[in-house]
**Q** 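Questions regarding the structure given below will be posed in turn.
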Amino acid sequence: MSRKLELIVLAIVLIFAVQFIYMSSTTDAEYGGADGEAKDMINEITDGYEPIANPIWEPPSGEIESLLFGLQAAIGAGIIGYFFGYYKAKKNYENELGYKEKNKSEGDKHSL
């Protein structure tokens, strides 16, 4: 990773961290999901709203729901990190060992 990119990523992380600390210290907001906000908004707009479908299974508690959400996020981050690492290593392998040029020259031999 280039030095410039590292500084940009660090600046973005610092901006979000400062914003999070400021918002959590100045407001008395409680953490909630988008589903709950959307449900409240729909109930506010339309009286007597009945959902057309219900979930098959609901977690027995909010902590388990948070655990499953965190697990889902961790698995997603692992998959994304794997592919970033794979392509970074592939690029390094091609640049350092000349693997790409070797394959290209072999391909030219076969085409003749």
Side-chain angles (χ1 to χ4, degrees):
M1 189 181 303
S2 70
R3 188 77 175 160
K4 185 177 179 181
L5 183 60
E6 289 175 350
L7 291 175
I8 291 171
V9 170
L10 180 65
I12 291 171
V13 169
L14 284 175
I15 288 170
F16 280 107
V18 168
Q19 180 183 12
F20 174 75
I21 291 170
Y22 174 75
M23 292 300 290
S24 63
S25 65
T26 58
T27 60
D28 199 19
E30 187 172 314
Y31 176 76
D35 294 342
E37 293 292 325
K39 183 180 174 183
D40 293 342
M41 183 61 72
I42 289 171
N43 282 334
E44 185 179 310
I45 294 171
T46 60
D47 291 332
Y49 171 74
E50 294 287 330
I52 58 173
N54 292 322
I56 296 171
W57 177 77
E58 288 190 29
S61 69
E63 290 82 13
I64 293 175
E65 187 176 353
S66 296
L67 171 74
L68 293 174
F69 184 75
L71 185 64
Q72 175 188 359
I75 290 171
I79 290 171
I80 291 170
Y82 172 79
F83 282 105
F84 275 127
Y86 173 79
Y87 286 111
K88 174 89 173 161
K90 181 180 175 184
K91 185 178 177 183
N92 284 344
Y93 183 70
E94 288 174 354
N95 289 340
E96 290 178 8
L97 299 177
Y99 179 74
K100 192 174 186 178
E101 294 172 9
K102 183 178 175 184
N103 278 345
K104 190 183 269 184
S105 64
E106 286 179 4
D108 291 341
K109 283 183 187 174
H110 294 295
S111 65
L112 295 175

**Q** Decide whether Y86 and I75 are clustered together by the hydrophobic rule: side chain heavy atoms of Ile, Leu, Val, Met, Phe, Trp, Tyr closer than 4.5 Å, transitively.
**A**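 They do share one cluster, since a chain of ILVMFWY contacts under 4.5 Å joins Y86 to I75.
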**Q** Run the numbers on Q72 and L68 for side-chain contact (heavy atoms from CB on, under 4.5 Å), then give the verdict.
**A** CA-CA 6 Å; Q72 175 188 359; L68 293 174; over 6 Å; no
**Q** Say whether Y82 and L71 are linked into one hydrophobic cluster, either directly or through other cluster members, by side-chain heavy-atom distances under 4.5 angstrom.
**A** yes
**Q** So, T27 side chain and S24 main chain: donor-acceptor pair closer than 3.5 Å or not?
**A**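 No, T27 side chain to S24 backbone: no donor-acceptor pair under 3.5 Å.
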**Q** Does L14 share a hydrophobic cluster with L5, counting links as ILVMFWY side-chain heavy atoms below 4.5 Å and allowing steps through other members?
**A** no
**Q** Looking at side-chain heavy atoms only, is the closest gap between K91 and N95 below 4.5 Å?
**A** yes
**Q** How would you list, by chain and number, every residue that makes a side-chain contact (heavy atoms from CB on, under 4.5 Å) with I12, sequence neighbours excluded?
**A** I8, F16
**Q** Quick one: does any side-chain atom of T46 pair with a main-chain N or O of N43 as donor and acceptor, under 3.5 Å?
**A**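 It does not hold such a pair.
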**Q** What's the spacing between E6 CD and L10 CG if we round to 0.5 Å?
**A**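 CG of L10 is found 9.0 Å from CD of E6.
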**Q** Which heavy-atom pair separates S25 from Y22 by the least distance, and what is that distance?
**A** OG-O, 3.1 Å
